[in-house]
J.: 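Pasting a structure below so you can have a look.
The sequence lines fix the lettering, A, B, ..., with proteins before strands; numbering per chain opens at 1.
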Protein chains: 2
Amino acid sequence: MARAATTTDAFNAIAEPRRRQIIDVLARGRPHAVGELVQTLRIPQPAVSKHLGVLRKVGIVSVAKEGQHRLYRLNATELKPVHDWVKTYERYWSHQLARVKERAERKATERSSKDKPPGQKKEE
Amino acid sequence: MARAATTTDAFNAIAEPRRRQIIDVLARGRPHAVGELVQTLRIPQPAVSKHLGVLRKVGIVSVAKEGQHRLYRLNATELKPVHDWVKTYERYWSHQLARVKERAERKATERSSKDKPPGQKKEE
DNA sequence: GGATTATATTCCTATATGGGAATATGTCAA
DNA sequence: TTGACATATTCCCATATAGGAATATAATCC
């Protein structure tokens with residue numbers, strides 16, 4: 001298999017920096033037309049349309065026709081799975097204490113992998 | 001250009017479900033040898049090694065030699081940028097109020113795009 | 001030495017990407 | 001109708017992927 005499609009899920013969709021930029025712009029304020037995004041982000045129009053297509057397929061944005069414009073609207077809820085997953089690791093950097101513990105553990109690991117005599121198995 | 005390399009940053013690295021699995025396993029407990037990950041996740045050994053290679057290149061894991069084993073260790077701090085970015089959108093689903101506001105805004109958008117012209121279509 | 005175990009690397013392939021350029025579609029207005 | 005504008009789509013291409021299979025490297029033990 002090749003790499004999973006960008007439209008597979010939110011994780012793949014937000015891997016692209018420009019798509020995150022688009023999301024960021026849509027987050028502050030009302031829905032935006034494609035042209036507004038083009039102007040704001042200075043990205044060629046076809047590129048913006050394509051990126052919006054990806055985001056729409058994943059459900060991160062939705063469209064509404066307004067005359068000859070298309071208003072793209074953020075549906076941030078689709079980002080929740082990403083947040084849920086990464087939030088688990090918040091403790092690794094949020095507390096000073098955690099960071100100290102981190103370093104201590106690493107030191108211990110490096111030390112043990114240096115000291116240990118040959119032939120050694122870990123749990124499970 | 002083609003798609004950005006998986007080793008570009010944390011965003012790209014964690015797009016792969018199996019790499020997230022590896023991270024999850026490394027998170028609960030001490031460093032793991034490759035063989036342990038193979039057994040736990042039931043992923044072929046070469047695949048695990050390759051995924052670990054990506055994670056190491058991005059800095060999400062680090063290695064320590066222990067005899068003929070390599071102990072991989074999580075360095076979760078590298079996930080902070082992801083958390084920082086997605087945390088911005090937490091408000092969209094964490095508070096009931098926010099969700100209500102969301103819906104109201106969407107309705108308004110759809111309405112406005114419905115009122116103006118006769119032409120009307122639903123999202124694809 | 002040879003055998004065994006643990007891990008990494010190489011070779012292969014199908015597949016999709018993002019960008020650019022050009023073009024198509026769609027919508028308005030006169 | 002025509003023309004101007006907004007957006008989407010198509011075509012092309014260089015690039016890298018993830019997986020599988022096979023092999024290479026490395027450490028350990030006999």
Side-chain angles (χ1 to χ4, degrees), chain A residues 1-9 11-22 31-58 61-72 113-114 116-122, chain B residues 1-9 11-22 31-58 61-72 113 116-121 123-124:
Chain A
M1 260 192 209
R3 201 168 169 183
T6 54
T7 54
T8 300
D9 53 26
F11 285 95
N12 281 277
I14 68 167
E16 247 293 321
R18 293 184 154 176
R19 283 198 285 269
R20 289 200 300 278
Q21 285 185 34
I22 290 176
H32 286 65
V34 179
E36 293 176 319
L37 295 170
V38 170
Q39 270 207 335
T40 304
L41 298 174
R42 311 242 168 172
I43 299 174
Q45 176 266 314
V48 172
S49 282
K50 287 176 197 167
H51 285 312
L52 285 171
V54 172
L55 294 175
R56 189 168 52 81
K57 220 165 205 164
V58 181
V61 304
S62 55
V63 215
K65 300 189 180 180
E66 162 121 4
Q68 51 185 336
H69 298 147
R70 309 275 164 109
L71 292 185
Y72 280 85
S113 76
K114 221 171 269 186
K116 278 278 171 71
Q120 174 65 16
K121 273 251 176 83
K122 278 294 177 190
Chain B
M1 260 189 208
R3 200 169 170 181
T6 55
T7 54
T8 301
D9 52 26
F11 285 95
N12 280 277
I14 69 167
E16 246 294 319
R18 293 183 155 178
R19 282 196 286 267
R20 289 200 301 276
Q21 286 185 36
I22 291 176
H32 286 66
V34 178
E36 294 175 319
L37 295 170
V38 170
Q39 271 206 334
T40 303
L41 297 175
R42 309 242 170 173
I43 298 174
Q45 176 265 314
V48 173
S49 282
K50 285 176 199 168
H51 284 311
L52 285 170
V54 172
L55 294 176
R56 189 168 52 81
K57 219 165 206 164
V58 181
V61 303
S62 55
V63 216
K65 298 189 182 180
E66 161 123 3
Q68 54 184 338
H69 298 150
R70 307 277 163 107
L71 292 185
Y72 280 86
S113 75
K116 287 234 168 165
Q120 158 66 20
K121 245 190 201 151
E123 63 192 315
E124 196 203 291

J.: Distance from S62(B) atom OG to L55(B) atom CG, nearest 0.5 Å?
T.: 11.0 Å
J.: If I take atom CG in residue N12(A) and atom P in nucleotide dA16(D), what distance separates them, rounded to the nearest angstrom?
T.: 18 Å
J.: Would you mind reading off the distance between R42(A) atom CZ and dG19(C) atom P, rounded to a whole angstrom?
T.: 17 Å
J.: Sugar-phosphate means primed atoms, P, OP1 and OP2; the rest is base. With that split, encode nucleotides 18-26 of chain D 5' to 3' as B, S or - using protein heavy atoms under 4.0 Å.
T.: BBBBB----
J.: Do L41(A) and V48(A) have side chains that get closer than 4.5 Å, going by heavy atoms?
T.: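 Counting from C-beta outward, L41(A) and V48(A) never come under 4.5 Å.
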J.: Could you state the CG-C1' distance from L41(A) to dT7(D), rounded to the nearest angstrom?
T.: 16 Å
J.: Of the candidate nucleotides dA6(C), dA8(D), dA8(C), which contains the atom at the shortest distance from the side chain of H69(B)?
T.: dA6(C)
J.: Could you tell me the separation between the CG atom of L37(A) and the P atom of dA8(D), rounded to a whole number of Å?
T.: 10 Å
J.: Once you round it to whole Å, what is the distance between C1' of dA6(D) and NE2 of H32(A)?
T.: 16 Å
J.: Has Y72(B) got a side-chain N or O lying under 4.0 Å from the OP1 or OP2 atom of dA6(C)?
T.: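 False: Y72(B) side-chain N/O out of range (4.0 Å or more) of dA6(C) OP1/OP2.
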J.: Report yes if some heavy atom in the side chain of T6(B) is under 4.5 Å from a heavy atom in the side chain of R19(B); otherwise report no.
T.: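 Of all side-chain heavy-atom pairs linking R19(B) with T6(B), at least one is under 4.5 Å.
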J.: Starting at atom CD of Q21(A), determine the distance to atom P of dG19(C), rounded to an integer number of angstrom.
T.: 10 Å
J.: Looking only at side-chain atoms of A5(B), point me to the closest of dT17(D), dA8(C), dA16(C).
T.: dT17(D)
J.: Distance check needed: dA16(C) P versus K57(A) NZ, whole Å only.
T.: 11 Å
J.: Could you grab the distance from atom NZ of K50(B) to atom CD1 of I43(B), nearest 0.5 Å is fine?
T.: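 One gets 12.5 Å once the value is rounded to the nearest 0.5 Å.
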J.: Would you kindly check if the NZ (Lys) or CZ (Arg) of R20(B) is within the cone defined by 45 degrees around the ring axis of F11(A) and under 6.0 Å from the six-membered ring centre?
T.: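 Yes, a cation-pi geometry holds between R20(B) and F11(A).
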J.: If I take atom CZ from residue R70(A) and atom CG from residue L37(A), how far apart are they, to the nearest 0.5 angstrom?
T.: 14.0 Å
J.: Check the distance between dA8(C)'s P and L52(B)'s CG and give it to me in whole angstrom.
T.: 7 Å
J.: Can you measure from CZ (R3(A)) to CD (E16(B)) and round to the nearest 0.5 angstrom?
T.: 9.0 Å
